[in-house]
2 protein chains.
Amino acid sequence: MIGDWTERFQGTARLPRAVRDRLIKVARVTHMSEGTQVFGPMNVPDSLFFLYEGRIRVVQRSDMGRDIVLYRVDAGESCVLTTACMLAEEAYEAEGIAETDITAIALPKAAFDRLVAEEEAFRAFVFAAYSRRLIDLLRVVDDVAFGQMDVRLAARLLALAGDFKEVTATHQHLASELGTAREVVSRILQDFQKRELIAQSRGRIALLDKPALRDIAAAE
Amino acid sequence: MIGDWTERFQGTARLPRAVRDRLIKVARVTHMSEGTQVFGPMNVPDSLFFLYEGRIRVVQRSDMGRDIVLYRVDAGESCVLTTACMLAEEAYEAEGIAETDITAIALPKAAFDRLVAEEEAFRAFVFAAYSRRLIDLLRVVDDVAFGQMDVRLAARLLALAGDFKEVTATHQHLASELGTAREVVSRILQDFQKRELIAQSRGRIALLDKPALRDIAAAE
DNA sequence: TGCCTTCAGTGACATTGTCACTCAACATGC
DNA sequence: GCATGTTGAGTGACAATGTCACTGAAGGCA
């Protein structure tokens, strides 16, 4: 059942069967439950993680209470920040939190090294993963440095909602997504509510007018 | 004279002579003068750059006039953002600008691939470079999202001054370093001046009290 | 029903960003 | 020297965002 995990991997670099088979041999499958800290400053892994099932949220945490979500690792992707940390052996402050129950595949460093050396497809996959995260972070920098908060909030609501019409999140959660304060989120949501773009109840936000929200989010 | 370039490379992964010799064979040496755009959205390189001499400033540019410096590439380092871009083939908005005259070594993609496959030291070097930049970007996100402007400005002044007592930069330049507006920099520098931490003249800032500035910068 | 915890709303204020200017410092040509 | 143009810096008013100290509402539970 784990045998087909590589088929889930996205991006330009799908791994062929031969690579997949080699991976399976050396990998250890691990499970973690929702809310677990997968990695963090105090919790540096000695293996490289590939996510088979579930989702990880990677968060930058400030000395004060504020957080900001850097990106999410979905099933089929690799979490290169752990790799980065392992290889650079530098301090960093980001932490990864299991947003659902997860199944991950841990690849010991030596095995990783050998695969990178010997399998071109694997190499391409790893580099693509790195590149993707670098570009994700560029996006975050752009948003935080130059983006307006209402724009960012509208975009985040739409992203969190997906195909649904409702988001289950407190104002505090949304603030921690965007790296701002709860009061700021409250203010902007009030405004959205007055304009009848959303309806609020405790812990839930109904998106009444997605097209209008998309307009706001597009002003980026 | 270029033969010893690998010796300059920093970090955990210095390249041994064998790797170095292979590199020299396939690399093309290029020169660019100060102010040239080394790479950018409209100017995607087809090779991987290793900087032999000089410095490159990597800047994120917003749709409005504002900029922010992401990091600098010094002699002996590699510019992985170009790599990232090449491999991911995704759009990005950052651009690299030669801050001095530079000498770079361009490695065609095929040669890069072969070296990564065959030379463990080179592989380690490349991964370390990626990791370093990821961590640099985490730092930028942290600064922009949670840092106070006076703290960031004090830190940047000290960094730009190095061992000297004076910084040659306009308020606009400093604003573009930090991703803020000129007026904000002016205000804060006024304050520093009133407190006799600096002295200003057109285009130059003398750091009168570095220890005090360091105190301010340390409040990060 | 009466507490208790968590979530959301509010007003005052500080910091930062934006806009529309003015003035000062240098460069250049006469 | 002087007139003029260009660039760098200062200023005040205002908007957006962040911080603080609250209040009150919603839901859980004994």
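A note on names: the letters A, B, ... follow the listed sequences, proteins ahead of strands, and every chain is numbered from 1.
- When heavy atoms are screened at a 4.0 angstrom cut-off, B/Glu183 is found touching base atoms of the nucleic acid.
- Side chains of A/Arg156 and A/Val69 form a contact here, defined as non-hydrogen atoms less than 4.5 Å apart.
- Between the NE2 atom of B/His171 and the P atom of C/dT18 there is a distance of 18 Å, rounded to whole Å.
- Side chains of A/Arg123 and A/Val126 form no contact here, defined as non-hydrogen atoms less than 4.5 Å apart.
- When the nucleotides D/dT7, C/dT18, C/dT10 are ranked by their closest atom to the side chain of B/Arg202, D/dT7 comes out on top.
- In this structure, of D/dT17, C/dT18, C/dG9, it is C/dG9 that holds the atom nearest to the side chain of A/Ser186.
- The side chain of A/Met149 lies closest to D/dG18, out of C/dG9, D/dG18, C/dG17.
- Below 30°, between 30° and 60°, or above 60°: for A/Phe112 and A/Phe122 the angle between ring planes is above 60°, a perpendicular geometry.
- Closest contact between the side chain of A/Thr180 and the listed nucleotides D/dG18, C/dA20, C/dG17 involves D/dG18.
- Remark: the backbone N or O of B/Asp67 is not paired with any side-chain donor or acceptor of B/Arg61 at under 3.5 angstrom.
- Side-chain nitrogen and oxygen atoms of A/Gln200 include none within less than 4.0 Å of the OP1 or OP2 phosphate oxygen of C/dA8.
- In terms of polar N and O atoms assigned as donor or acceptor, the side chain of A/Gln172 never comes within less than 3.5 Å of the base of C/dC7 in a complementary pairing.
- The base of D/dG10 sits within donor-acceptor range of the side chain of B/Arg182, with an N or O pair under 3.5 Å.
- With hydrogens and angles left out, the side chain of A/Arg187 and the base of D/dT17 share no donor-acceptor pair within 3.5 Å.
- Residue B/Arg66 is classed as a sugar-phosphate contact, given heavy-atom separations below 4.0 Å to backbone atoms only.
- Checking C/dC7, C/dC19, D/dG18 against every side-chain atom of A/Thr170, the shortest atom distance belongs to C/dC7.
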